[in-house]
Each structure stands twice: as structure tokens, then as C-alpha cells.
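Just so we're clear, the structure is a prediction, and the values are computed from it rather than from any experiment. Labels below follow one simple rule: chain letters A, B, ... track the order of the sequence lines, proteins then strands, and each chain is numbered from 1.
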Amino acid sequence: MNTVITLPDGSQRPYDGPVTALQVAGDISGRLASAAVAARVDGQLCDLSAVIEGEHELQLVTDRDEQALEVLRHSAAHVLAQAVVRLYGPKVQYTIGPALIDDFQYGFYYDFDLPEPISAEDLPTIEKEMAKIIAEDLPTERSELPIDQAKQRMAQLGQDYKVEMIDDLARDEGASVVSFYKQGEFVDMCRGPHLPSTARLKVVKLLTVAGAYWRGDEANKMLTRIYGVAFFNKKDLAAHLDRIEEARKRDHRVIGKQLGLFLLSDAVGPGLPLWMPNGAIIRMELETWLRGELLKRGYLPVYTPHIGRLDLYRTSGHYPYYKESQFPPIQISEDEGYLLKPMNCPHHIQIYKAVQHSYRDLPVRLSEFGTVYRFEKSGELSGLTRVRGFCQDDAHIFCTPDQLEAEIESCIELTQMILQTLGLSDYRVRLGLRDADSDKYTGDAAHWDQAEDNIRNVVGKLGMNFTEERGEATFYGPKIDFVVKDCLGREWQLGTVQVDYNLPERFDLEYIGSDNAAHRPIMVHRAPLGSPERFVGILIEHYAGAFPLWLSPMQVAVLPVSDKTNDYAATVLSALKAADIRAELDDSPEKIGAKIRRATLAKAPYMAVLGERETAAGTIAVRHRTGGEAGALAVDEFVAQLRQEIDSKGLETPLLPTGS
RNA sequence: GCUGCUGUAGCUCAGUGGUAGAGCGCGUCCUUGGUAAGGACGAGGUCAUGGGUUCGACACCCAUCAGCAGCUCCA
């Protein structure tokens, strides 16, 4: 049978019989053959050794192709597994080892069930063995076996996890054959494709070792996961490692310490952050701003205590659902117990219930910066992003079915406005839906369907990009989450809007409709920041500590050139303070260069350099933290410009005009 | 919570089975300097906590607490 290969440029190559992608590449050029890592036949990714017969489109995947990196890293994972088996013996069980493409730090991993624990100190040894395997230039050979034989083969090798995976493939995907890859003495069950030979792997580095549950299930055995990265050249690896190192400098835990923003004190307890004066300014500014926005939008402020009766949370469902992740109740007597509040909604619900509501009153929007406590598992705690005691910029909206979607929309717009103002544009939107197979959700299916339709309608109307994720809903309703990544690429939920038909039911909430009959309101739970703790943690990383002027703890560093001008500096300081600008005077006996350095490291947006010239002219020599002299300004001009930048919540620093 | 690692001065980190060091920061003094580090001197540590091994432990072992990476979880 004749074979005709059509290349991406439209040209065709005829062959008398079957041909492999690698052969075609070689016929085009030797260079292409050595650059190709895989092939795409009729759009389907496959090995270079795949046999092509008949009329097909062929595209050779080279290192310039995005998917090439995936193939490379997948092969790197196989070499890692081979090295581990060589070093730790046939008792090693290798399970799964995928390539990672979107991960900020890691390029691949492999999960092992090892006969002995290993640590990061063992990684160089493993890397050496991998280098050997690469040097051995072992060709990779693909083969296929029917399910039964495949299981037998893996069972013979003592690979119980693989046997389980084959069963899954047969059951879930109806697979009748399974493919294997063999390189030297090592055989792995794998879809592929892979590099044609281990020698094609040039730059591999192992990064860390960690635990990971088999199948990601806590109930299963913990396996040993080894993470690594692989690239086509050393330059890319060096750039990658640099990027990680740079990112670590943005870590809010590092910057938070440097700039005195917050503190996690062992004496107070894990996950209980203390806001230091500089951090408190940032939080205060955000909250003040948000309070104003809420009042404009018809929210009613309320305050509620930090604890409530256990029964309240039994009714709401929070206690039974999250018993394990609560601080234990405060038991006063056998039948009187209190819980640190894990959520504000039950308290707000009581406020709603305290008076009778007419449909004319709705929507009722009760807002509170309410502090809640959750006993997060110790391994989960992390800086400000995951804590045990934190505030929520919370509100609960009680409304009629007719009002619901407009309220959801308004919550989304508020959240988007906040993110936009702060320049947080790199976020994704997730619709958290219920998993109908799970028993973790409360309430009836009709309400769930209704609620899911409600949020879909709104995000659809607003034309938002979003992903739907089953099993990500709260126990009482579906939600819209705004998710961002931290400096190391880990995702965190910030803002959230949740639709709830269930708590109104549980608490028997009512309003009187125009028909003079009692109706059930619907609740919206929403927090545009999510939590000031987590939000500020993310903001610290977003700005790398260099906050916009309105949020900066120190807005102006007042720097006399020598103590001859200290008096003038003091008058400038007073003028700034009188204008509600956060200014600090550095009258230490340092030279001006050192003072500038200190203020720059403290991320003060502006420096007012005051020497004899300025004293004589009554001006300020302005410098921005990004460097360079911006010229001299009269004190009142400087104040006016700062005021404008502060009031506009400017992200970009306007250039201060030069001149006297 | 689980797997692995880590815990030494305010911070960042060296360090050895024979009772502790650097840089930065801090204090005092000198210097009066014009846009990212002037100089001198000085104070400061129950080497996370509790056990154990040892003539002797910051070092070795065990436990606890906390942190880091990952997994799991996240109302």
C-alpha cells in the first residue's frame, strides 16, 4: 500500500510502504530528525517511531513546539523511575509520573512506594544514576498488550499499583489493550509518547522530595514523590531556577518580616497572625475604602460577637459539617456550649430575623468585617494565606427571587472593581458546583439546580471567562470564586459570591410578599476580598512590598542632608502630617546616600531630600523609590500632588514636574 | 493530619563532642556629608522545649512544639 505524507506546508511525500515519522524527518533533513521529539499524525500526538501507512498529515514536534516540553518531561519522569529502581531495588513500586507544564516550579514528578524513606540528600545520587541512563542512550520501545497479559506482566514485576491502574483503564475507559514503554531493563505502562532514546534528555534537575497519597486520597498509603524539571538546554534551566529564586523574594512571609507588616508569634499560637503597625495601616486603608463602597451600595453595617451558642451552629449546619476543623466548643455546663464563630452568617441571620420584613424592605444587605476561627490542620497553615483566626469582609444579602441575579451581579462588579483598582488582573473565575454523587451537600436538588442556574446566568450575562468545577460548592450552595496565584504559583481563593437557598430554610427565614403571604428569602454570602489577611498576603507579593502611595505605611521619607537642615525638615514633616500624609523623618547622623538607601529599602514611595538649597528656597527635592531625582517642588505643590495620587488610588506614579 | 527537611543574636546565616561566630540591624561617640551603605567603640545568645547517651551535648538519640516543601482539606 502506498503511503502519502502531507506536511504542514502542504507539500506531500510519497512512500512505497509504511514509514515512521523519524524516517520522514530524516528524509527532510538530518537536523530535523535530531531536533524532533515526537510527531503529530492527523493531529494525534505520537512517537517518532510510530509507523504511518496510507494517506496522513504529519507534523514533526520539535523543541519549539509547546508539547515538546511535555514529551521531554514525561520521558524525564521515566528515567527518574528507572534510576530509582536501579538504586533501591526491585521492591520499588512506581505508580504515576506525569509531566507538568503549567506549574511554576516543577516540570514533572514520579510517585514511588519505596522500601525505605529518602530525603533531599539522596537526590544527587539519583541524578547521577539518571545521567548514567541518559549516557547509555537507551532506545524507548513501545508495545501493546491485551488487558490480561498487561496485568500479568505488571504483576510479575511486583507492580501492584500498575495492576490497579490497568483495572481502572479497563473499567473506566473500556480499554482492551494497554501500551508499554521499555528502555533498557525498565518497563513502564504508559500512554506516551516518549523521546526516541534516553540520550535525547539533556538537562534534568531534581528539585525536591515530598509525600503524596496514592490516588490523592488521604485514606490511602502515602507515597514518596520526587519533583524535578527538564529543559532542552541549560540556559532555560538557569532562567527557570532564577525565576524561582526571584519569586521567593516576593514571598509575603519574607517581605512581611522585612517591612514589619505582620507577625506569627509562637507565643500567641500557630495561624494566629498579629498585624504590626505597618501592616495594620495597609489593612486599615483597604477596609476604610471598602466600608465607603459598601455604604454607597446600600449595605447596612452590623457588629456581632466572636462566639455563639453551639446550637446556633447545629442549626446552620456548620458545626456538624466542620466539626473536625473547629476549635473545640467552650462547654459551660453539660447543656450549654459556645463555639468560636467559624462563619458570620448565623449571627447575621439572627439580625435579619429580629424584625419582620416586607418585600418592600428587601434586599437587606448586612455587612461586617467579622473575625472567624477555624482549626485548620497544622500542615495547612501558611503565612497570612492560610490561618486559624482571620477576618472576613463579609456580608449577607437577603432578597427575593426576582432580585437575586441583580444582587449577584452587583457583588461580582464590586469584586472586579476592587481587583481592578489594585491592579490584580491575573485571576481566574471558578464556578463551584455541587457534585451530585457526594453526600456533603445539604438541601434539595431543585434549589441547587436553581442556584447553579442563577450564577451561570449572571456570569453569562457579564460575559466572564470562567471554569465550572464540580465538587467545589459550599455545603449550602454554589459559588463564584475569584482565584489568584501566589509568588510560587499556588492558587488561593480571594473574593467569593455564594448563593444559598438552604440556610433560609434551616433558619425558617421569611418576608411578607405583596400577596400578604410569608415567603422564603434567598441569601447571598459574599466577600470581595475574601479575607483581609489572605488578601493582603497576596497584595504584598503582587507589589513585592512596594505598595501604591495610598496603601504605603510610610508615604514620604523626610531626609535632611545634614543636621543643619533638621529644623527645616521638621517643618516639612509637620506640613505633610497636617495634610494627613504618612511621613517619617530620618534625622540620624547618616549621610544622605545612606538615608536614601534605607528609605528605598523600606519601600517609601517618595523621599523629600532637604539640604541647604531647599531650606533657602522653601522647596523639596523629590525622589521616588524607583530611583532618580524628580526635581524640586514647593511644599504645598508637593502636598497637592501627593494628595491627588492618594485620592485617585493611583497605581502608576505620576511624574512630578521638574522646576523650582 | 500525613511524608521529608529545618530550628544558633532583632534579621540572614556560618560553626565544632571540650561551655559560640560573621554580616546587617541596634546603642554611644566622632564625622556635617547632596541622591542606594562615612568611621570608631559597644551591648546583645538557657544554641526551640523536655528527656536521654556521655567525664563533658549547641553538636549524638528520643519526644514535644514551631516553621518550610508537597499531599490532603478549605464553610
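A/D481 and A/T496 form a side-chain donor-acceptor contact under 3.5 Å, judged by distance and modelled atom types alone. Side-chain contact annotation: A/Y373 with A/H306, donor-acceptor N/O pair under 3.5 Å present.
Counting only residues at least two apart or on different chains, the side-chain hydrogen bond (donor to acceptor under 3.5 Å, both in side chains) pairs with a member in residues 313-323 of chain A are A/D311-A/R314, A/Y313-A/H347, A/S316-A/H318. Sorted by first and then second residue, the pairs that involve residues 485-494 of chain A and meet side-chain hydrogen bond (donor to acceptor under 3.5 Å, both in side chains), not counting sequence neighbours, are A/R428-A/E491, A/K479-A/Q493, A/D486-A/R490, A/D486-A/W492.
Residue-level contact check: A/E612 touches the bases, meaning some heavy atom is under 4.0 Å from a base atom. Residue A/I592 is classed as a sugar-phosphate contact, given heavy-atom separations below 4.0 Å to backbone atoms only. Contacts of A/K479 with the nucleic acid, taken as non-hydrogen atoms under 4.0 Å apart, involve only primed sugar atoms and P, OP1 or OP2. Using a 4.0 Å heavy-atom distance criterion, A/G379 is classed as a base contact. No contact: A/K595 has no heavy atom under 4.0 Å from any strand. In this structure, A/E614 reaches the bases: a heavy-atom distance under 4.0 Å links it to at least one base atom across the strands shown. Base contact: A/S378 has a heavy atom under 4.0 Å from a base atom. Using a 4.0 Å heavy-atom cutoff across all strands shown, A/I118 reaches sugar-phosphate atoms only and no base atom.
Picking from B/A75, B/G1, B/G4 the nucleotide with the shortest atom distance to the side chain of A/P117 gives B/G4. When each of B/G70, B/A75, B/G33 is scored by its nearest atom to the side-chain atoms of A/Q498, the top-ranked nucleotide is B/A75. Taking every side-chain heavy atom of A/V561 into account, B/G33 is the closest of B/G70, B/C11, B/G33.
Rounded to whole Å, the C1' atom of B/G52 lies 15 Å from the corresponding atom of B/A59. Look at the C1' atom in both B/G15 and B/G45: the space between them is 14 Å, to the nearest Å. Rounded to a whole angstrom, the distance from the P atom of B/G7 to that of B/A14 is 8 Å. Separating the P atom of B/G44 from that of B/C55 is a span of 35 Å, rounded to the nearest Å.
The base of B/G70 has none of its N or O atoms less than 3.5 Å from a complementary donor or acceptor on the side chain of A/Y213. Between the side chain of A/Q493 and the base of B/A75 there is no donor-acceptor pair of N/O atoms closer than 3.5 Å.
Formation of a donor-acceptor pair under 3.5 Å by the A/R365 side chain with backbone atoms of A/I397 is not found in this model.
Distance A/Y476 OH to B/C74 P: 13 Å, rounded to the nearest Å.
In this structure, A/Y227 does not count as stacked on the base of B/G70 under the 5.5 Å centre distance and 30° plane angle limits.
In this structure, A/D266 and A/K377 both approach RNA chain B, and ranking their closest nucleotides by distance from the 5' end singles out A/D266.
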